[in-house]
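Report on one structure; see the data block that follows.
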2 protein chains.
Amino acid sequence: MIIKETNTNMMNPEVPIYHNLQPLFQFFESFQNLSSSSKDRIASICTSVQIPKNKDLQAIGHTCRTIYFVKKGLCRIYYYKDGVDITEAFAFENSLIARVESLFTGRPSKKGIQTLEDSVFIGIASPALFDLYDQFPEIERLFRKIFEAAYVETVNRIENIQFHTAEERYNDLIKNSPDLLQRVPLKHIASYLGITQVSLSRIRAKY
Amino acid sequence: MIIKETNTNMMNPEVPIYHNLQPLFQFFESFQNLSSSSKDRIASICTSVQIPKNKDLQAIGHTCRTIYFVKKGLCRIYYYKDGVDITEAFAFENSLIARVESLFTGRPSKKGIQTLEDSVFIGIASPALFDLYDQFPEIERLFRKIFEAAYVETVNRIENIQFHTAEERYNDLIKNSPDLLQRVPLKHIASYLGITQVSLSRIRAKY
DNA sequence: GGAATCCTTTTACATATGTTAAAAAAGACC
DNA sequence: GGTCTTTTTTAACATATGTAAAAGGATTCC
């Protein structure tokens, strides 16, 4: 389900539909400044996507061809492991989310993206983005840096998973994302932590 | 300890020292072809490094400024967790290895790289490499692709750690790297799997 | 070739987490 | 407001892995 924002130019509905991309460019500029021509070209491949709570933004089985920026709301990447729903990651406002194992390989993803609140995303078409890399090395560089940072986070997460107890990981998580508890069902937090809901309940009962 | 290969031009010891970079370029070309000028410039920032068994290639505490290609031998990334030696990764012949959490952040690494056999590496100076990115977008693109692939592997590894038993992970590991058992002490395999040596021994006793 | 060191296994016990089922609590819907 | 559904907790039991200590093997080094 994709709902474009209202076109403010009623006389000519064919002109590019206006999006407020300010939060996205602000995010980009925390990595690197962009020329205005690069910004224009990026803007031309962005769409606005609005999804109600608990709906799929991207369905399991499709190849990832869009990188999303969360403008409002909250979502998760999830998949089924032996029939059990597992949350791989959460994404809050002002962050990017994509199923990189599909984005970078071109293979269909076993994972989906689902909203956990009514949400608004900016979608960046990845095939068009990769084409822009040829003309605008600074765009390629920007996304290189973004994914390098994400890679580092993932490496650090392995250490966190492998050498901390579930209790430590839970305390870490709520310390770093305090509003997660208010906004996300515990069952998703449990599977994100790699434990059962029962186990998480036991840990919480200690406090 | 860094030992350069013999300079074959005895008349002028100042010319760039010759390295056999063929295996490295073959590795690169599995990602992307390179112009000969790019290859020349990469060659100019490579050194040959020879390290005996069980020595540090890179010490804990230093910032990572070299990406290594394993030409011969075998090494591991390791660190100390509460005083216990943990292996984060192994690297065999014809693969790259770097402590990315330091390489991409510029912060000192809590991890070291240690050989597990007498080994020969090609070291790529990373500050010089990042400088080359400005002149040679194809070099930036090559390394972007290399690290994107490594990122995907790391994402997949999280799933493997979180949702498989130690026994399944052990069987996976020896299936995918059969010679690991012949070449690496079990204690390192245990910590790589996130379990104790005792636990690994129990698992092995079943077979 | 013997002593010292390092690596691996075994044993016994402790603990964290999984599994299943049921009850309690919270939220969604007419 | 009350019913239905979903979410969370609790209980009882099973199992995997951790910890500590000791013993057996293998390797290194003089």
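Throughout, a chain's letter reflects where its sequence line sits, starting with A, and its residues are numbered from 1. Nothing here was measured: the structure is a model prediction, and the numbers come from that model.
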In whole angstroms, how far is the [atom2] atom of [N] from the [atom1] atom of [X]?
{"X": "Ile189(B)", "N": "dT8(C)", "atom1": "CD1", "atom2": "C1'", "result": "12 Å"}
{"X": "Arg169(B)", "N": "dT17(D)", "atom1": "CZ", "atom2": "C1'", "result": "10 Å"}
{"X": "Ile195(B)", "N": "dT17(C)", "atom1": "CD1", "atom2": "P", "result": "16 Å"}
{"X": "His164(B)", "N": "dT17(C)", "atom1": "NE2", "atom2": "P", "result": "20 Å"}
{"X": "Phe163(A)", "N": "dT17(D)", "atom1": "CZ", "atom2": "P", "result": "14 Å"}
{"X": "Gln182(B)", "N": "dC7(C)", "atom1": "CD", "atom2": "P", "result": "17 Å"}
{"X": "Ile161(A)", "N": "dT17(D)", "atom1": "CD1", "atom2": "C1'", "result": "18 Å"}
{"X": "Leu116(B)", "N": "dC7(C)", "atom1": "CG", "atom2": "P", "result": "11 Å"}

Cut-off 3.5 Å, side chains only: do Arg99(B) and Gln58(B) have a donor facing an acceptor?
-> yes

Ring-ring centroid check Phe143(A) Phe28(A), cutoff 6.0 Å = yes

Are more than 12 heavy atoms from other residues, nucleotides or ligands located less than 6.0 Å from atom CZ of Arg183(A)?
-> yes

Enclosure of His164(B) NE2 (heavy-atom neighbours >12, cutoff 6.0 Å) | yes

Do Leu181(B) and Arg204(B) come within less than 4.5 Å of each other through their side chains, counting heavy atoms only?
-> yes

Please confirm whether Arg157(A) makes a cation-pi placement over Tyr192(A), using NZ or CZ under 6.0 Å from the six-membered ring centre and within 45° of the ring normal.
-> yes

Once base and sugar-phosphate atoms are separated, protein heavy atoms under 4.0 Å mark nucleotides 5-12 of chain D, 5' to 3', with B, S and - as --SBBBBB

